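Okay, so here's the structure we're looking at.
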Amino acid sequence: MMTEQLTVDRMSDTELVMTRVVDAPRELVWACHTRAEHLRRWWGRGNPLDVEIDFRVGGKYRYVEHAADGNAYAFRGEFLEIEAPSRLVQTFEFEGMPGHVATDSLVLTEENGRTTLTTTSRFTTKDDLDGMVSSGMADGAQRSYVALDALLRELSA
């Protein structure tokens with residue numbers, strides 16, 4: 001299994017697209033994005049994670065990452081659309097910057113047992129997108145996907 005790189009493309013002043021391929025079937029990747037027991041293992045760069053999730057349209061989630069630097073980083077949102085196992089739309093807000101809410105659309109497509117994850121993030125303003133990019137989001141997302149790769153290997157064994 002090879003480690004894929006995350007691709008990040010800025011589509012406009014308020015839209016960012018992240019794409020990555022994982023070596024696992026779509027149903028398993030979907031489970032890793034929607035079940036608390038799996039999210040705890042990879043989301044948040046693989047650091048210890050508290051997960052509260054009400055996985056239904058209109059349901060809310062809250063994740064608290066306990067980083068190696070001793071800080072806790074909390075994120076929350078609401079599920080807007082769920083089309084298992086291919087599409088998930090949710091809001092995303094870092095609690096450290098309340099009121100700056102993005103809408104994330106995750107699309108999973110499978111080919112030959114490998115799944116492409118495409119996340120389109122729509123921000124309210126250019127400043128919000130710029131702030132997210134300058135926060136190191138791409139590095140954090142790549143590290144989370146490396147943790148996802150390890151979990152997918154374990155679950156596929």
Side-chain angles (χ1 to χ4, degrees), residues 1-11 14-67 72-95 100-123 128-129 132-133 135-157:
M1 181 179 288
M2 60 190 284
T3 298
E4 298 282 343
Q5 290 299 308
L6 175 69
T7 300
V8 180
D9 295 307
R10 188 176 185 135
M11 307 306 285
T14 57
E15 187 176 275
L16 194 71
V17 175
M18 295 188 296
T19 307
R20 192 164 186 282
V21 177
V22 295
D23 196 14
R26 178 170 63 177
E27 287 77 13
L28 186 56
V29 177
W30 177 263
C32 288
H33 280 78
T34 58
R35 294 185 186 170
E37 69 269 25
H38 297 323
L39 286 161
R40 285 186 187 98
R41 306 268 312 275
W42 72 271
W43 205 95
R45 304 175 287 179
N47 288 319
L49 188 74
D50 299 330
V51 175
E52 298 170 25
I53 186 169
D54 178 12
F55 190 67
R56 61 183 173 85
V57 173
K60 307 224 186 297
Y61 69 89
R62 184 170 189 262
Y63 307 148
V64 181
E65 175 192 357
H66 300 277
Y73 302 96
F75 306 86
R76 64 182 172 212
E78 178 180 348
F79 298 107
L80 303 176
E81 296 176 37
I82 298 172
E83 297 173 28
S86 60
R87 181 176 154 81
L88 176 63
V89 181
Q90 63 191 32
T91 61
F92 179 86
E93 181 179 19
F94 172 49
E95 290 184 6
H100 300 274
V101 181
T103 301
D104 292 344
S105 301
L106 170 68
V107 174
L108 304 177
T109 55
E110 181 180 343
E111 184 174 340
N112 299 322
R114 303 186 82 212
T115 300
T116 301
L117 298 85
T118 304
T119 301
T120 302
S121 297
R122 291 183 178 84
F123 297 85
D128 284 356
L129 187 149
M132 181 65 78
V133 169
S135 74
M137 164 276 295
D139 178 60
Q142 175 63 20
R143 291 170 47 200
S144 291
Y145 284 133
V146 170
L148 176 61
D149 287 338
L151 177 60
L152 290 168
R153 278 192 301 274
E154 179 185 319
L155 294 174
S156 297

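Being a predicted model, the structure only gives us computed values, none of them experimental.
Here the CG atom belonging to Leu106 is positioned 11.5 Å from the CD1 atom belonging to Ile82, to the nearest 0.5 angstrom. For the atom pair CG (Leu16) and OG1 (Thr120), the distance works out to 9.0 Å, reported to the nearest 0.5 Å. In this structure, the separation between CZ on Phe94 and CZ on Arg76 is 11.0 Å, given to the nearest 0.5 Å.
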Mind running side-chain contact (heavy atoms from CB on, under 4.5 Å) on Leu39 and Ile53 for me, showing each step along the way? CA-CA 10 Å; Leu39 286 161; Ile53 186 169; 3.9 Å; yes

Please assess Val64 against Leu49 for the test side-chain contact (heavy atoms from CB on, under 4.5 Å), listing each intermediate value before the final yes or no. CA-CA 5 Å; Val64 181; Leu49 188 74; 5.7 Å; no

Evaluate His38 against Leu155 for side-chain contact (heavy atoms from CB on, under 4.5 Å), listing each step before the verdict. CA-CA 10 Å; His38 297 323; Leu155 294 174; 3.7 Å; yes

Might you work through the side-chain contact (heavy atoms from CB on, under 4.5 Å) test for Asp9 and Met11, ending with a clear yes or no? CA-CA 6 Å; Asp9 295 307; Met11 307 306 285; 3.8 Å; yes

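Annotation for Gly46 and Ala147: closest pair CA-CB, 3.8 Å, computed over non-hydrogen atoms. Residues Thr14 and Leu129 share a closest heavy-atom pair of C-CD1, 3.4 Å. The shortest heavy-atom contact between Met137 and Met18 is SD-SD, 3.6 Å. In this structure, Cys32 and Leu151 approach most closely via the heavy-atom pair SG-CD2, 3.8 Å. Closest approach of Ala24 to Thr115, counting heavy atoms only: O-OG1, 2.6 Å. For the pair Thr103 and Leu80, the tightest heavy-atom approach, listed with the atom from each and the gap, is CG2-CD1, 4.1 Å.
Proximity of Glu154 to Arg41: side-chain heavy atoms (C-beta onward) are separated by under 4.5 Å at one or more points. Using a 4.5 Å heavy-atom threshold, the side chains of Thr19 and Thr116 count as touching. Contact check for Val29 versus Leu117: side-chain heavy atoms found under the 4.5 Å cut-off. Between Val17 and Thr118 there is a side-chain heavy-atom pair separated by less than 4.5 Å. No side-chain heavy atom of Thr119 sits under 4.5 Å from any side-chain heavy atom of Ser105. Side-chain contact check for Arg20 versus Asp149: some heavy-atom pair is nearer than 4.5 Å.
Screening residues 50-66 for side chain to side chain donor-acceptor pair (under 3.5 Å) gives Arg45-Glu65, Asn47-Glu65, Asp50-His66, Asp54-Arg56, Lys60-Glu78, Arg62-Glu95 as the qualifying pairs, with residues at least two apart or on separate chains.
Aromatic ring centres of Trp42 and His33: separated by under 6.0 Å.
A side-chain donor from one of Ser121 and Asp104 sits under 3.5 Å from a side-chain acceptor of the other.
Within a 6.0 Å radius of CZ in Arg10, other residues, nucleotides and ligands contribute more than 12 heavy atoms. With a 6.0 Å radius and a threshold of 12 heavy atoms from other residues, nucleotides or ligands, Glu111 has its CD atom at or below the threshold.
Looking only at distances, a side-chain donor or acceptor of Gln142 sits under 3.5 Å from a matching main-chain atom of Leu6.
With sequence neighbours left out, Arg87 forms a side-chain hydrogen bond (donor to acceptor under 3.5 Å, both in side chains) with Glu81. With sequence neighbours left out, Glu15 forms a side-chain hydrogen bond (donor to acceptor under 3.5 Å, both in side chains) with Arg122.
Using cut-offs of 30° and 60° for the angle between ring planes, the Phe55 and Trp30 rings count as perpendicular.
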